[in-house]
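Chain letters run A, B, ... following the sequence lines, proteins first and then strands; every chain starts at 1. These values consider heavy atoms only, across backbone and side chains, with no hydrogens, waters or symmetry-generated copies. Being a predicted model, the structure only gives us computed values, none of them experimental.
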Protein chains: 4
Amino acid sequence: MARAPSLTPDERRASLLSAARKVFAIRGYHSASVSLIVEEAGVARGTFYNHFTSKRAIFAAVIDDLMEEVASVIEIIDVNVPIAPQAVANIRRVILAVTDPEVARLLFTEAAGIDEQGDEMLREFYRAATARIQTALERGQQLGVVRPGSVGLAAQCLLGMIKQPIFQASLESRQVNADALVFEVFGMLSGGVLRVGGP
Amino acid sequence: MARAPSLTPDERRASLLSAARKVFAIRGYHSASVSLIVEEAGVARGTFYNHFTSKRAIFAAVIDDLMEEVASVIEIIDVNVPIAPQAVANIRRVILAVTDPEVARLLFTEAAGIDEQGDEMLREFYRAATARIQTALERGQQLGVVRPGSVGLAAQCLLGMIKQPIFQASLESRQVNADALVFEVFGMLSGGVLRVGGP
Amino acid sequence: MARAPSLTPDERRASLLSAARKVFAIRGYHSASVSLIVEEAGVARGTFYNHFTSKRAIFAAVIDDLMEEVASVIEIIDVNVPIAPQAVANIRRVILAVTDPEVARLLFTEAAGIDEQGDEMLREFYRAATARIQTALERGQQLGVVRPGSVGLAAQCLLGMIKQPIFQASLESRQVNADALVFEVFGMLSGGVLRVGGP
Amino acid sequence: MARAPSLTPDERRASLLSAARKVFAIRGYHSASVSLIVEEAGVARGTFYNHFTSKRAIFAAVIDDLMEEVASVIEIIDVNVPIAPQAVANIRRVILAVTDPEVARLLFTEAAGIDEQGDEMLREFYRAATARIQTALERGQQLGVVRPGSVGLAAQCLLGMIKQPIFQASLESRQVNADALVFEVFGMLSGGVLRVGGP
DNA sequence: CATGAATGAGGGTTCATTCAT
DNA sequence: AATGAATGAACCCTCATTCAT
């Protein structure tokens with residue numbers, strides 16, 4: 001009844017994570033059942049609980065990995081070379097990372113609203129992301145490439161500007177054109193869309 | 001056993017909707033139970049099913065009302081008077097409408113991911129919202145107050161720019177400063193934030 | 001799918017309690033499953049949880065009823081008529097009440113050790129029983145029919161004297177002879193068994 | 001992977017038994033898990049099953065040891081020297097043996113009701129204990145220090161008299177005063193408590 | 001003998017929905 | 001329409017036991 005382990009614990013864990021990610025992405029957190037996950041992973045139910053304490057826990061692990069994946073593509077900007085291309089490259093990489101349908105679905109529609117603990121994770125993620133953007137903008141201000149003024153809200157707006165097209169694409173089961181989005185975002189950042197007489 | 005109805009069917013329906021909205025906003029779709037809703041409404045379980053075919057259905061009705069509420073604050077722009085203030089006013093009203101904690105929670109974190117039908121509703125909502133913004137932008141182009149070019153993505157970006165700060169505020173159980181957000185959004189639209197090689 | 005209730009809620013509750021009592025008595029707390037109980041009661045699983053919040057809860061209710069049953073057979077002793085026969089009658093009734101195989105099994109072997117809350121119930125039961133006996137003994141002292149001295153331990157010993165034969169009989173699936181036990185207990189109380197240097 | 005055994009098989013078995021006894025005493029049979037036992041013993045799960053065929057089996061072994069421990073303190077009474085002090089000493093030693101919280105909990109609240117096999121063990125234990133007491137009483141009758149008549153029930157009553165105070169103390173997490181209990185039991189045996197005109 | 005990952009039957013519980021009254 | 005007891009599928013999780021290494 002007890003098959004020998006053909007995988008190391010880490011591999012099994014990874015395989016469960018991968019299965020869970022797939023199942024959560026397809027069915028959403030609530031409709032995904034542990035049964036579905038173990039079936040996808042090809043292990044028995046009990047095995048699941050040898051690696052994760054609960055369905056909630058594996059979901060948190062999945063989301064955590066995702067956030068890490070997204071965050072990891074951002075590279076520190078070198079102020080000694082032209083800023084703009086670096087910023088563009090960062091945005092581009094984030095868009096590409098988030099454009100994966102699984103990532104988009106999980107991060108944008110499933111992560112929120114599970115429970116308080118989950119919301120805290122998300123809060124923290126957005127807090128960190130926003131802070132990062134804000135810092136970048138402030139450095140830009142010092143360099144004179146960003147207009148002066150408070151940039152807290154601007155950071156959130158910038159985030160939303162990127163997120164919303166991806167979210168809508170995800171909702172419609174299509175992928176955004178990353179280049180077009182980068183272009184659009186950069187256009188918005190550098191000049192807005194209105195031509196109604198400046199401030 | 002069957003109490004005489006003290007409300008008209010429509011009133012009962014409205015009262016259930018209101019109770020459901022409250023319960024869904026507080027607990028989220030999945031944690032909200034029909035029990036909670038009927039308790040909040042002060043009716044028996046069976047009564048619920050005389051007015052709505054399912055929990056799913058009442059949620060859809062709640063979300064529908066919400067979307068309607070939000071959409072209804074937008075006023076047609078009159079091209080014979082200055083555009084900008086009208087646009088600002090619209091944005092401002094949308095922000096105010098969406099800033100209500102119940103609305104924000106329901107629309108931004110609960111509505112998505114329930115099931116395919118629900119996603120379709122949301123898809124439709126964003127499609128309509130985006131289309132509306134896009135139309136406005138195109139009209140702006142004709143009037144020469146919006147820079148030329150494709151504005152499909154821009155519309156989504158604009159939506160995200162507004163939504164994200166409200167979403168993050170909702171996640172942190174606080175409300176955005178509507179005026180600051182309007183100012184920020186308008187600033188972004190009219191000139192972006194970057195000063196890199198502008199005209 | 002939802003049959004009309006053929007029983008009043010109280011009747012259904014009683015029927016579940018009775019089924020539970022039977023099942024717990026036969027299988028013990030841990031081996032009894034809610035499935036078994038509802039099967040015995042002839043209702044669906046969900047119905048069980050409409051009447052009791054948990055397996056634990058219905059067990060507590062069963063034990064509570066049992067304790068009440070046992071306690072209720074004790075009659076206040078009238079000091080104006082001969083004491084001894086009244087005491088004997090009380091002991092006799094208790095023995096008879098507890099001699100029922102279900103009662104014995106549940107009270108003596110299943111009630112203890114379920115969890116802290118359960119132990120507290122039992123503690124309270126024995127505390128009350130002991131206190132009652134102690135009070136009776138103290139009244140006897142005032143009347144001069146009980147030898148002087150502390151009677152706290154004596155009360156517990158008296159309880160044990162009655163309980164142990166019943167418990168052993170229960171273990172062996174037989175019933176004690178109530179009359180013989182009464183006789184024995186009364187003999188013990190009135191003169192002990194030893195004849196070693198007594199007066 | 002297979003660590004060299006640092007203990008002889010017997011030592012390992014003893015160490016598992018000791019760990020099991022501790023765990024069973026603290027958590028009770030049902031809440032004790034094999035995991036807890038092997039953790040306490042510091043061995044792997046598989047090792048457990050090299051020494052005991054099942055959780056049930058190690059529990060039986062624990063109880064067996066306990067019964068043996070208790071039984072072993074009883075010394076054969078020498079009829080050539082005064083009986084009473086020897087009887088008292090035996091009772092005293094039994095009380096002391098059983099007063100250990102682990103012993104009391106395991107023997108009085110956990111041993112009963114696990115399964116038929118377990119009940120048989122317990123049955124046998126009480127049968128043996130009762131028989132021993134009965135034999136002692138019968139010898140007492142021959143010596144004229146025990147009142148005549150059937151002593152089968154008396155033996156059980158005597159057992160209960162001792163057990164109940166210890167059981168109640170165990171339930172309340174306190175220890176009985178062995179001396180007081182011996183005194184009480186002996187008082188009961190030698191003269192009862194009632195003064196209502198003996199036979 | 002030791003190890004510990006894997007197993008899977010089984011248990012308690014929830015809750016959307018039904019329908020006789 | 002209103003009621004609310006009854007339903008039962010579905011879910012998450014536990015844990016004694018096995019066996020390849």
Side-chain angles (χ1 to χ4, degrees), chain A residues 1-9 11-13 30-38 43-56, chain B residues 1-9 12-13 30-38 43-57, chain C residues 1-9 11-13 30-38 42-56, chain D residues 1-9 12 30-38 43-57:
Chain A
M1 304 242 164
R3 271 235 325 284
S6 43
L7 270 51
T8 69
E11 286 168 340
R12 180 107 300 158
R13 187 190 148 93
H30 291 283
S31 297
S33 68
V34 173
S35 301
L36 248 23
I37 296 172
V38 298
V43 297
R45 239 211 204 77
T47 302
F48 176 92
Y49 289 94
N50 284 344
H51 294 271
F52 297 93
T53 58
S54 65
K55 175 186 170 184
R56 189 66 197 68
Chain B
M1 298 264 160
R3 267 235 327 278
S6 46
L7 270 52
T8 69
R12 182 105 303 159
R13 188 190 147 92
H30 291 283
S31 297
S33 66
V34 174
S35 298
L36 249 23
I37 295 172
V38 297
V43 299
R45 286 162 113 80
T47 303
F48 176 92
Y49 287 91
N50 283 337
H51 293 272
F52 296 92
T53 59
S54 66
K55 174 185 171 184
R56 190 65 198 72
Chain C
M1 304 244 162
R3 269 235 323 285
S6 43
L7 269 51
T8 69
E11 287 168 339
R12 180 106 300 157
R13 188 191 147 91
H30 291 284
S31 298
S33 69
V34 173
S35 302
L36 248 22
I37 295 172
V38 298
V43 297
R45 241 214 204 74
T47 303
F48 176 91
Y49 288 94
N50 284 344
H51 293 273
F52 296 93
T53 57
S54 66
K55 175 185 170 185
R56 190 65 196 70
Chain D
M1 298 264 160
R3 266 236 325 279
S6 47
L7 270 52
T8 70
R12 184 101 303 158
H30 291 285
S31 296
S33 67
V34 173
S35 298
L36 249 23
I37 295 172
V38 298
V43 299
R45 286 162 113 82
T47 304
F48 176 92
Y49 287 92
N50 283 337
H51 292 273
F52 296 93
T53 59
S54 66
K55 175 185 171 185
R56 190 64 199 72

| query | Expressed in angstrom and rounded to an integer, what is the separation of D/His30 atom NE2 from F/dA16 atom P? | reply | 11 Å
| task | For C/Ser33, report the nucleic acid contact type (base, sugar-phosphate, nothing); a contact means any heavy atom under 4.0 Å. | result | sugar-phosphate
| Paired nucleotide for E/dG12 [Watson-Crick or G-U wobble; both distances under 3.5 Å] | F/dC11
| query | If we call it a pair only when both distances are under 3.5 Å in a Watson-Crick or G-U wobble match, what pairs with F/dA2? | reply | E/dT21
| field | Whole-Å distance separating the CZ atom of B/Arg45 from the C1' atom of F/dT7 | value | 11 Å
| field | d(CG, D/Leu36; C1', E/dG4) in whole Å | value | 17 Å
| said: Quick check: closest heavy atoms across C/Pro9 and C/His51, and the distance to 0.1 Å? | reply: O-CE1, 3.7 Å
| task | For C/Val43 and for A/Ser31, locate the closest nucleotide of DNA chain F by heavy-atom distance; then report the residue assigned to the nucleotide nearer the 5' terminus. | result | C/Val43
| For F/dA16, which nucleotide in any strand shown is its Watson-Crick or wobble partner with both distances under 3.5 Å? | E/dT7
| Which whole-number value in Å describes the distance from B/Ile37 CD1 to E/dC15 P? | 12 Å
| task | Grab the two heavy atoms, one from C/His30 and one from C/Lys55, that are nearest each other, plus how far apart they are. | result | O-NZ, 3.6 Å
| request: Would you mind telling me which residue lines up with the more 5' stretch of DNA chain F, A/Arg56 or D/Thr53, judged by nearest nucleotide? | output: A/Arg56
| task | For D/Asn50 and E/dA2, give me the distance from atom CG to atom C1', rounded to whole Å. | result | 7 Å
| query | What is the distance from CZ of C/Arg12 to P of F/dA6, rounded to the nearest Å? | reply | 5 Å
| Expressed in angstrom and rounded to an integer, what is the separation of B/Tyr49 atom OH from E/dC19 atom C1'? | 13 Å
| request: Can you figure out which of F/dT7, F/dT17, E/dT17 approaches the side chain of B/Val34 most closely? | output: E/dT17
| Can you tell me how far C1' of E/dC15 sits from CZ of B/Phe48, to the nearest Å? | 12 Å
| said: What's D/Ala57 touching, base or sugar-phosphate or nothing? Going by heavy atoms closer than 4.0 Å. | reply: nothing
| note | Here the pair of heavy atoms bringing A/Thr47 nearest to A/Arg12 is CG2-CD, 3.8 Å
| request: Any chance you could measure C/Ile37, atom CD1, to C/Arg45, atom CZ, to the nearest 0.5 Å? | output: 11.0 Å
| request: Please name the pair of heavy atoms, one in C/Leu36 and one in C/Ala32, separated by the smallest distance, quoted to 0.1 Å. | output: CD2-CA, 4.5 Å
| For DNA chain E, whose closest nucleotide is more 5', that of D/Pro9 or that of C/Lys55? | D/Pro9
| B/Thr47 side chain near F/dT3 phosphate (N/O to OP1/OP2, under 4.0 Å) | yes
| OP1 or OP2 of E/dA6 sitting under 4.0 Å from any side-chain N/O of A/His51? | yes
